[in-house]
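Quantities reported herein were computed from a predicted structural model and do not represent experimental measurements.
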Amino acid sequence: MRIDIVTIFPEFFDVLDLSLLGKARQSGLIELGVHNLRDHTHDRHHSVDDTPYGGGAGMVMKPEPWGDALDAILGTDPALVDDGPLVIFPSPAGDQFTQRMARELSLEQHLVFGCGRYEGIDQRVVDHYSQRGRVRLVSLGDYVLNGGEVAVMAMIEAIGRLIPGVVGNPESLVEESHEDGLLEYPSYTKPASWRGLDVPPVLRSGNHGAISTWRHQQQIERTERVRPDLLPRTLS
């Protein structure tokens with residue numbers, strides 16, 4: 001998969017050189033390009049924002065540097081093919097990011113993330129690239145961040161680990177929270193007793209059928225306690 005990121009803080013994504021995603025980049029499973037939006041400005045102050053039309057607090061990111069930056073990645077062909085790069089703008093006004101969306105996006109060949117700041121990006125940028133190809137607004141949840149970088153980092157982490165070969169044991173992906181609509185069951189390791197707390201006996205029984213049943217029941221109980229909103233859809 002190819003991932004391009006446009007941001008005014010390119011150093012934020014240095015962390016992608018670490019851990020599993022760093023190894024995925026080294027092995028060629030993920031190809032990453034991080035682009036500084038200020039490199040596409042044309043004034044001596046490298047300005048990327050201006051006051052909003054209609055008044056109001058804050059600043060809005062200007063369309064010109066965004067257009068130049070995205071054209072440098074996508075090309076200047078007026079029409080992008082339907083199966084071309086998918087452009088994603090993190091936005092509180094977007095579709096909520098879920099594990100299902102992460103799995104869907106992990107099948108893409110090329111993702112382009114635009115990290116907004118301040119009061120957001122001039123709407124014409126979204127409109128223009130929506131006319132040329134595929135664009136999605138995506139939200140991490142019902143809250144507001146200072147910028148898109150944190151959201152993009154979370155999305156790349158969730159998407160990248162679903163790319164075949166990134167996680168060493170693919171079976172571990174199947175049993176995680178939200179993969180089957182339920183939260184993950186609690187996990188234990190050695191020692192069997194720690195500070196007066198014991199590992200549940202069923203996990204030490206060697207009875208794999210009983211273990212599977214226990215784990216599924218734990219998923220249901222945890223989901224009912226923490227995220228009951230998930231249960232009707234899962235158990236209906």
Cluster overlap Leu203 with Ile220, hydrophobic side-chain contacts below 4.5 Å: no
Distance (rounded to the nearest 0.5 Å) between Arg215 CZ and Tyr185 OH: 4.0 Å
Within residues 8-18 or reaching into it, pairs that qualify as side-chain hydrogen bond (donor to acceptor under 3.5 Å, both in side chains) - sequence neighbours excluded: Asp17-Arg25
Between CG on residue Leu105 and CD1 on residue Ile156, distance to nearest 0.5 Å: 11.0 Å
Considering all heavy atoms, the nearest Ser106-Met1 contact: O-CE, 3.6 Å
Closest approach of Arg134 to Gly84 (non-hydrogen atoms, all atoms of both residues): NH2-O, 2.5 Å
Atom OH of Tyr53: over 12 foreign heavy atoms under 6.0 Å: no
Pairing residues for Glu64 by the salt bridge (charged side-chain N to carboxylate O under 4.0 Å, His left out) criterion, not counting sequence neighbours: none
Under the side chain to side chain donor-acceptor pair (under 3.5 Å) test, residues paired with Glu157 that sit two or more places apart: none
Which atom of Gly94 lies closest to which atom of Ser139, heavy atoms considered: O-CB, 3.7 Å
side-chain contact (heavy atoms from CB on, under 4.5 Å) against Gln26, all qualifying residues, sequence neighbours excluded: none
Please report, to 0.1 Å, the donor-acceptor pairs under 3.5 Å made by any side chain of residues 115-123, with sequence neighbours excluded.
from   : atom 1 : to     : atom 2 : distance (Å)
Arg117 : NE     : Glu149 : OE1    : 3.0
Arg117 : NH2    : Glu149 : OE1    : 2.9
Asp122 : OD1    : Arg124 : N      : 2.9
Asp122 : OD1    : Arg124 : NE     : 2.9
Asp122 : OD2    : Arg124 : NE     : 3.4
Asp122 : OD2    : Arg124 : NH2    : 2.7
Gln123 : NE2    : Asp127 : OD1    : 2.9

Residues which pass side-chain contact (heavy atoms from CB on, under 4.5 Å) with Ala151, listed by chain and number, not counting sequence neighbours: Pro90, Leu140, Leu145, Met155
Pair Asp198 + Arg204: basic N to acidic O under 4.0 Å: no
Shared hydrophobic cluster, Leu37 / Val60 (ILVMFWY, side-chain heavy atoms < 4.5 Å): no
Cluster check Val166, Leu18: I/L/V/M/F/W/Y, side chain < 4.5 angstrom: yes
Criterion side-chain contact (heavy atoms from CB on, under 4.5 Å) on Leu183 and Leu230, from CA distance to verdict: CA-CA 9 Å; Leu183 301 184; Leu230 296 176; 4.2 Å; yes
Sequence-distant partners of Val202, side-chain contact (heavy atoms from CB on, under 4.5 Å), two or more places apart: Pro200, Ser205, Ala210, Ile211, Trp214
Straight-line distance of Thr223 OG1 to Glu184 CD, nearest 0.5 Å: 10.5 Å
Derivation of the side-chain contact (heavy atoms from CB on, under 4.5 Å) call for Ile159 and Phe97: CA-CA 11 Å; Ile159 295 165; Phe97 186 72; 4.2 Å; yes
Shared hydrophobic cluster, Val144 / Met153 (ILVMFWY, side-chain heavy atoms < 4.5 Å): no
Spatial distance of atom CG (Leu162) from atom CD (Gln99) [nearest 0.5 Å]: 5.5 Å
Leu86-Val34 co-clustered via ILVMFWY side chain contacts under 4.5 Å: yes
Between CZ on residue Arg161 and CD1 on residue Ile30, distance to nearest 0.5 Å: 11.5 Å
Sidechain-backbone polar pair: Ser19 side chain, Leu21 backbone, donor-acceptor under 3.5 Å: no
Over 12 non-hydrogen atoms of neighbours within 6.0 angstrom of NZ in Lys62: yes
Any Phe12 side-chain heavy atom under 4.5 Å of Val152 side chain: no
Residues Asp68, His42; criterion side-chain contact (heavy atoms from CB on, under 4.5 Å); working and verdict: CA-CA 10 Å; Asp68 289 352; His42 303 286; 2.9 Å; yes
Salt bridge (charged side-chain N to carboxylate O under 4.0 Å, His left out) partners of Arg2, counting only residues at least two apart: Asp4, Glu31
Minimal non-hydrogen separation, Gly58 against Pro52, with atom names: O-CD, 3.3 Å
Val125/Met61 under side-chain contact (heavy atoms from CB on, under 4.5 Å): CA gap, chis, key distance, verdict: CA-CA 10 Å; Val125 175; Met61 300 193 88; over 6 Å; no
Test side chain to side chain donor-acceptor pair (under 3.5 Å) applied to Thr41 - qualifying residues, sequence neighbours left out: His46
Asp95: side-chain contact (heavy atoms from CB on, under 4.5 Å) partners, not counting sequence neighbours: Met101, Arg136
Nearest-0.5 Å distance, CD1 of residue Ile5 to CG of residue Asn36: 12.5 Å
Note, Asp71 side chain near His40 side chain (heavy atom, < 4.5 Å): no
Co-members of the apolar cluster containing Trp194 [side chain, <4.5 Å]: none
Salt bridge (charged side-chain N to carboxylate O under 4.0 Å, His left out) contacts touching residues 39-57 (sequence neighbours left out): none
Sidechain-backbone polar pair: Thr213 side chain, Gly209 backbone, donor-acceptor under 3.5 Å: yes
